[in-house]
Amino acid sequence: MAGHRRRRSRALSEPLVIVGNGMAATRLVDELVKSSLGRYAIAVIGEEPRLAYNRVLLSSVLAGETTSHDIELKPADWWRDRGVTLKYGCRVTEIDAGRRELKIAGHESVEFSRLVLATGSSPLRLDVPGSDLAGVHTFRDSRDVDLLLALAARRRPVVVVGGGLLGLEAAYGLAKAGTPVTLLHLMDRLMERQLDGQAADLLKTLVERKGIKVMLNADTARIVGETSVEGVALAEGRLIEADAVVFAAGIRPNTGLAKEAGLSVNRGVVVDDAMQTSAPDIFALGECAEHRGICYGLVEPAYEQAGVLAGYLAGRRTAYHGSVVATNLKVSGVSVFSAGDFIGADGSEAILLSDAKRGTYKKLVISDGRLTGAVLIGDTTDALWYLEMIRTRKAVAAIRRDMMFGRAVAMPAKAA
Ligand SMILES: Cc1cc2nc3c(=O)[nH]c(=O)nc-3n(C[C@H](O)[C@H](O)[C@H](O)COP(=O)(O)OP(=O)(O)OC[C@H]3O[C@@H](n4cnc5c(N)ncnc54)[C@H](O)[C@@H]3O)c2cc1C
């Protein structure tokens with residue numbers, strides 16, 4: 001009887017198809033099965049030939065701190081027990097929004113009642129001569145990491161292009177394995193979108209201590225080599241010898257499917273506050289989505305979007321209003337936190353504490369009596385406390401004298 005009821009309720013479930021089997025998709029399913037179990041027959045179709053994994057931890061896999069197997073987000077029986085149909089190793093090639101049907105490469109068509117695009121981003125390859133030579137790599141998925149690990153084992157010189165989070169992580173992983181690494185960054189400081197000049201200088205010093213050679217203002221003009229990489233030529237004429245190049249110079253949201261289906265697309269797939277695209281019953285979230293002009297390239301906004309979308313699909317009137325972006329992570333083994341207005345807009349004040357020898361730097365930006373931005377290098381113990389203050393915009397007058405020294409000093413009763 002129970003089995004009969006289950007079959008019956010499944011037959012009545014609406015087919016909800018999610019394209020992409022990454023971090024946003026997994027969080028959405030997790031939220032959906034809690035809020036609307038039985039309402040939808042969920043199918044997840046993903047191009048990567050494995051169960052969804054924590055992409056953030058690819059850096060740890062590359063650094064030899066964990067294994068590829070250990071980063072799976074959910075085990076196979078988690079998906080099975082929740083009745084989710086998983087098709088992985090399957091690329092969706094076409095969406096017919098009118099007929100509510102999509103095509104999988106070399107396979108069948110799949111019908112949907114509601115569709116969610118969670119297709120993430122692709123790494124950018126610089127458009128310079130030689131970028132298609134053998135030995136040019138990117139750093140996005142577990143296949144890339146397998147290739148980079150094989151590269152690291154050869155211990156031949158590698159150039160990493162891009163001094164943002166991904167470039168630093170790629171450089172750190174390779175250097176840790178004993179590979180001579182030169183990191184090229186076009187700008188005059190590392191992680192310029194998260195760090196002010198002083199913090200970036202300290203990070204550079206700490207990164208160089210790990211054996212990575214960092215070159216700033218380095219404009220990659222071409223990759224040199226006959227059939228495979230032999231070096232990288234800079235615009236100012238210098239040549240850096242290398243057996244391989246890793247591009248970590250940005251990402252582009254995967255919007256091709258949406259564009260061809262006639263959905264509204266700017267940089268990402270345009271969504272409203274319910275994460276709905278320009279087509280009814282087609283939604284998008286995560287790195288492929290653009291909300292109020294912003295494409296987020298981080299996990300936390302994707303998870304917030306998943307919570308809102310799951311609520312909406314469960315019939316609640318939920319809305320996403322955007323995320324206060326924070327970076328709180330280990331970059332090349334160094335703890336880094338940055339949030340809000342970390343540079344300091346006109347009229348703001350900054351409190352600074354810097355101890356280069358100990359490898360720590362703290363900057364708090366205050367505007368109109370509220371904490372509006374923060375940068376921490378080395379010691380990030382109080383990062384979430386500062387983030388909470390930035391998000392809630394609470395007045396800080398009462399704790400201003402001590403807040404620089406952390407929560408335990410500024411609010412001893414609450415921290416205890
Ligand atoms: C090495 C690395 C380190 C990172 N570190 C951090 C960090 O410290 N903190 C942080 O916040 N973020 C970090 N990020 C970014 C974070 O991983 C992403 O923001 C997050 O994975 C986005 O989730 P998503 O589901 O939108 O995209 P993804 O996780 O990329 O998932 C998208 C999936 O869709 C699949 N797909 C695409 N097109 C199709 C198609 N046509 N058919 C079927 N499947 C398709 C893709 O193959 C992919 O598996 C890091 C990223 C990398 C690569």
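Counting convention: from 1, in listed order, for ligands and their atoms alike.
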Quick check on contacts: which atoms of ligand 1 are under 4.0 angstrom from a heavy atom of [X]?
X      : answer
Ala24  : 23 (O), 24 (P), 25 (O), 26 (O)
Gly297 : 15 (C), 19 (O)
Ser59  : 1 (C), 3 (C)
Leu257 : 41 (N)
Gly46  : 43 (C), 44 (N)
Gly286 : 26 (O)
Ala118 : 32 (C), 33 (C), 34 (O)

*asked:* Using heavy atoms and a 4.0 Å limit, tell me yes or no: is Ala289 in contact with ligand 1?
replied: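 It does not, in that no heavy atom of Ala289 comes within the 4.0 Å cut-off of ligand 1.
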*Close approach of Leu165 to ligand 1, heavy atoms, under 4.0 angstrom*: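 Leu165 counts as a contact of ligand 1 under the 4.0 Å cut-off.
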Are the side chain of [X] and the backbone N or O of [Y] linked by a donor-acceptor pair below 3.5 Å?
X      : Y      : value
Asp96  : Arg99  : yes
Glu101 : Ile95  : no
Asp77  : Arg80  : no
Arg252 : Ser122 : no
Arg189 : Ala199 : no
Thr179 : Arg156 : no
Asp219 : Leu234 : no
Gln305 : Gly286 : yes
Arg370 : Ile366 : no

Looking only at heavy atoms, is any part of [X] under 4.0 Å from ligand 1, and if so is it the side chain, the backbone, or both, or is it neither?
X      : answer
Ile45  : backbone
Ala52  : neither
Asp141 : neither
Ala302 : neither
Phe139 : both

*Pick whichever of Glu48, Met23, Lys87 has a heavy atom sitting closest to atom 21 (O) of ligand 1.*
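It is Met23 that holds the nearest heavy atom.
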*Looking at Phe247 versus His137, is the centre-to-centre ring distance below 6.0 Å?*
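Between Phe247 and His137, the centre distance exceeds or equals 6.0 Å.
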_Assess the residue pair Ser338 and Gln194 against the criterion (side-chain hydrogen bond (donor to acceptor under 3.5 Å, both in side chains)); give the C-alpha distance rounded to whole Å, side-chain angles, the decisive distance to 0.1 Å, and a yes or no._
CA-CA 6 Å; Ser338 150; Gln194 288 91 6; over 6 Å; no
_Heavy-atom neighbours of Phe112 CZ exceed 12 at 6.0 Å_ =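 Yes, the 6.0 Å shell around CZ holds more than 12 heavy atoms from other groups.
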To which protein heavy atom is [atom] closest, and what is the distance rounded to 0.1 Å?
atom                    : answer
atom 27 (O) of ligand 1 : Gly120 CA, 3.3 Å
atom 10 (C) of ligand 1 : Leu298 CD2, 3.5 Å
atom 36 (N) of ligand 1 : Thr119 O, 4.0 Å
atom 16 (C) of ligand 1 : Val299 CG2, 3.7 Å
atom 19 (O) of ligand 1 : Glu287 OE2, 2.5 Å
atom 9 (N) of ligand 1  : Leu329 CD2, 3.7 Å
atom 30 (O) of ligand 1 : Arg140 NH2, 2.6 Å
atom 41 (N) of ligand 1 : Val92 O, 3.0 Å

*Which atoms form the tightest heavy-atom contact between Gly297 and Ile251, and what is the distance?*
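Gly297 and Ile251 have their closest heavy atoms at CA-CD1, 4.4 Å.
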*Is the closest N or O pair between Leu166 and ligand 1 shorter than 3.5 Å?*
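Between Leu166 and ligand 1 (N or O atoms, distance only) the closest approach is not under 3.5 Å.
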*What do you reckon, does Glu47 have a nitrogen or oxygen under 3.5 Å from a nitrogen or oxygen of ligand 1?*
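Right, the criterion is met.
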*With respect to Glu287, which candidate in Arg267, Arg55, Arg140 satisfies the salt bridge (Lys or Arg N to Asp or Glu O under 4.0 Å) definition?*
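For Glu287, the salt bridge (Lys or Arg N to Asp or Glu O under 4.0 Å) test succeeds with only one of Arg267, Arg55, Arg140, which is Arg140.
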*Any chance the side chains of Tyr53 and Glu48 put a donor and an acceptor closer than 3.5 Å?*
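Yes, a side-chain donor-acceptor pair sits under 3.5 Å.
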